Student: 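Once you've had a glance at the structure underneath, I'll fire off some questions.
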There are 2 protein chains.
Amino acid sequence: MSDRGRATMKDVAALAGVGLATVSRVINGVPVDPHLTGRVLDAARQLGYRKDTAATSLRRADRRTNTIGLVLQDVANPFSSALHRAVEDVGVQRGLLVLAGSSDEEPDRERELLGVLRTRRVDGLIVVPTGAPDGELAAAHRDGTPIVCVDRASPVPGLDTVTADNRGGVAGAVRALHDLGHRDIGFVADHSSLWTARERHAGFVQAAGATRPAWVRRDVHTAEAARQAVTEMFAAAPAPTALVTAQNWLTVGARRALVELGLHRTVAHVGFDDFPLADMLDPPVSVIAQDPAELGRRAALLLLSRLDGDTGPAAAVTLPTRYIARGSGEIPPPGR
Amino acid sequence: MSDRGRATMKDVAALAGVGLATVSRVINGVPVDPHLTGRVLDAARQLGYRKDTAATSLRRADRRTNTIGLVLQDVANPFSSALHRAVEDVGVQRGLLVLAGSSDEEPDRERELLGVLRTRRVDGLIVVPTGAPDGELAAAHRDGTPIVCVDRASPVPGLDTVTADNRGGVAGAVRALHDLGHRDIGFVADHSSLWTARERHAGFVQAAGATRPAWVRRDVHTAEAARQAVTEMFAAAPAPTALVTAQNWLTVGARRALVELGLHRTVAHVGFDDFPLADMLDPPVSVIAQDPAELGRRAALLLLSRLDGDTGPAAAVTLPTRYIARGSGEIPPPGR
DNA sequence: CTGTTAGCGCGTTCAG
DNA sequence: CTGAACGCGCTAACAG
């Protein structure tokens, strides 16, 4: 055996005094004479043998690497990391490892990541697509790599998707505000290049109808920008009596502005997407919650079924959202 | 060429009308006749060729896979995911991909993950160790795989470590409370099996000296358990005038208890580890902050230097913590 | 059931 | 400079 570098099957075979294929069989659980099995396992243990996944997948007929690629917006983002964890949990039961990367919403970075993952010959891909037309995604699809888009619609036709009912969630919350008596409702959303932001806006328009343009702020991307947008919105007269913010960081920035203006107990406020400690603010923040873990779990299960040979038409799973009334969304308009 | 499955170097060579080795040279940037280079690149583009990382690393002399393994407590935990992102950012500049997994503090799961990562022949490992003696870690070390332990001390002698100054951070915060006049200080910490929990406790003891046993609660693992522990601590007389909680979820649970008891504006409270929205609670929560991203960045840089051949003795980097005064820790004791 | 042999796709000799 | 031959560690097909 070589003592620099790891032991190989050949080393194990030599030490156990059996053929190479017998070692392969034992290691892979193919029935073999129990006596030989013992000798092989002993030799393997003695040498600290671990089989080489790269060589295995190179030789196997199906070329499986037991690895799936996961392209997220940002692995450090709570939404993304909850999704990541759910994918990991499903994968681990099948012996799949996850290669995760962050696109930061940049199409170039997304392409690069997908390229590297393709080079790694991952068995499948789960992607939160930036939405830009993406040759790598299309190429991976043509290569026959199963791909599931999650959280957002696919930029490439024919891919499985798992998304939340963004539109319906916002529309429902707006209707609830309307039922409370609110007629003047403001709206703050993220970059319109994002499918989710467009969907949430569509839900708002669907339920709120036409409103003053100054009360609808789109392409707001950071908590700080949301703080400014909301400050402006409520500095001018007339101001809305209720506010819907379409992303969790925007919700936090908006709340900060409302506190600064002394309006946080006066203006009704509902955010899209739940966040930690939302219930510990004063008043607690009502939200339209989606379940990132469930999005990830469903995407992973869908991918597994494709890996198992399911060749049915592309699935489009839509998961419901859930309104969580905590207080901030239940404030009535003035004079009611 | 094969149309099912991807194009190989052979396919590219055939299409370009050159030898296999020439394609290899062009793809790997070894100088080649510019005319041939063009033909090869054209053919590669035309076939959507991507070189196969598995085959590459199998054949290369150094066996590099350009992959590093990252074993975290939980990829979905904000601390872990911030660290993950920092590792990714350092790695991406070197073309390294990250295989991340969650140990959930379970030694068995940790061992299994490390085993799989070893099978993948990752170039290096960054691990938040559970602390249990771990044969896989030791074996990987013996194999010559560079390993950096981060956030916690290494269970295996001779590994590089990057940790925060847990002990000094807590001791400093306790001294600040003492300077404010506090003499009766409670303490709540996580499982004593965790190195960080033991260090933070040591820092508390070092600065606070002997206190009533009922005011020191260890092995408290969840926000809910912290809520109960703090409720009990302040239900009995005498109760402390200040409280230090040694982990962010425990801090949140403790604050919940203080609010329920109506003591959140009366009892001084300092938490270890910052968390989102700590500044938006009332009163804002003072914390001993560590920088998970910096921990990850330093660990990754240390790993890279090992990959570059640094064979110096094991490094033990300790990063300072930073006290963030927001209000809750600046409440004086009654009658002062 | 076991052993032998031939490649998987690529990098790296070695001749030309 | 280029191309042919070899082998990395393993599995699949075959022969015994």
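Below, chain A is the first sequence line, B the second, and so on; all start at residue 1. Here the structure is a predicted model, which is why all the values come from computation and not from measurement.
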Student: Is a donor from one side chain sitting under 3.5 angstrom from an acceptor on the other, for A/E110 and A/T130?
Tutor: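 Yes.
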Student: Pairing donors with acceptors under 3.5 angstrom, does anything connect the side chains of A/S80 and A/D74?
Tutor: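 Result is no, nothing qualifies.
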Student: Heavy atoms from C-beta onward define the side chain here; which of C/dG11, C/dC10, D/dC10 lies closest to that of A/A55?
Tutor: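 When the side chain of A/A55 is considered, D/dC10 is the closest of C/dG11, C/dC10, D/dC10.
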Student: Would you indicate which nucleotide in D/dA12, C/dT2, C/dG9 comes nearest to any side-chain atom of B/T8?
Tutor: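 Nearest to the side chain of B/T8 among the choices is C/dG9.
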Student: For B/T56, report the nucleic acid contact type (base, sugar-phosphate, nothing); a contact means any heavy atom under 4.0 Å.
Tutor: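 The residue B/T56 makes sugar-phosphate contact but no base contact.
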Student: Does any donor atom in the side chain of B/S102 or A/E88 lie under 3.5 Å from an acceptor atom in the other side chain?
Tutor: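 Present: a donor and an acceptor within the cut-off.
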Student: For the side chain of B/L36, counting heavy atoms from C-beta on, which of D/dT2, D/dC8, D/dG3 is nearest?
Tutor: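 Among the listed nucleotides, the one closest to the side chain of B/L36 is D/dT2.
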Student: If you round to the nearest 0.5 Å, how far is CZ of A/R50 from CD of B/E136?
Tutor: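 If I round to the nearest 0.5 Å, the distance is 4.5 Å.
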Student: Between P on C/dG9 and CG on A/D62, what's the gap in Å once rounded to a whole number?
Tutor: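 It works out to 13 Å between those atoms.
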Student: State which of D/dA4, D/dC10, C/dG3 makes the closest approach to the side chain of A/L20.
Tutor: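 The answer is D/dC10.
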Student: Separation of B/M9 atom CE from C/dC8 atom P, in whole Å?
Tutor: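 Going from B/M9 (CE) to C/dC8 (P), I get 15 Å.
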Student: Picking from C/dG3, C/dG11, D/dG9, which would you name as closest to the side chain of A/T22?
Tutor: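 Side chain of A/T22 sits closest to C/dG3.
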Student: Are side-chain heavy atoms of B/V87 and B/I68 found at a separation under 4.5 Å?
Tutor: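 Yes, their side chains come closer than 4.5 Å.
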Student: Roughly how many Å is it from NZ in A/K10 to C1' in C/dT5, rounded to a whole number?
Tutor: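 Answer to the nearest Å: 14 Å.
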Student: How many whole angstroms separate atom CG of A/N28 from atom C1' of D/dA12?
Tutor: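 Atom-to-atom, A/N28 to D/dA12, this comes out as 12 Å.
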Student: Can a side chain N or O of A/S24 be found less than 4.0 Å away from OP1 or OP2 on D/dC10?
Tutor: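 Answer no for this pair, as no side-chain N or O of A/S24 is under 4.0 Å from OP1 or OP2.
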Student: Which nucleotide, D/dC10, C/dC1, C/dG3, lies nearest any side-chain atom of A/V18?
Tutor: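 Between D/dC10, C/dC1, C/dG3, the one nearest the side chain of A/V18 would be C/dG3.
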Student: Which whole-number value in Å describes the distance from A/R121 CZ to D/dC10 P?
Tutor: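 One finds 20 Å between P of D/dC10 and CZ of A/R121, rounded.
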Student: Of the nucleotides D/dC1, C/dG9, C/dG11, which has the atom closest to the B/D52 side chain?
Tutor: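 The answer is C/dG9, which lies nearest to the side chain.
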Student: Starting from C1' on C/dT13, measure out to CZ on B/R60 and report it in whole angstrom.
Tutor: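 The answer, rounded to whole Å, is 16 Å.
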Student: Round to a whole Å and report the spacing from CZ of A/R39 to P of C/dT2.
Tutor: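 Value for this atom pair: 10 Å.
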Student: What's the CG-P distance between B/L58 and D/dC8, to the nearest Å?
Tutor: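 So the CG-P distance, B/L58 to D/dC8, works out to 9 Å.
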Student: Distance criterion of 3.5 Å, no angle test: do you see the side chain of A/R25 paired donor-to-acceptor with the base of C/dG3?
Tutor: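 Such a pair exists between side chain and base.
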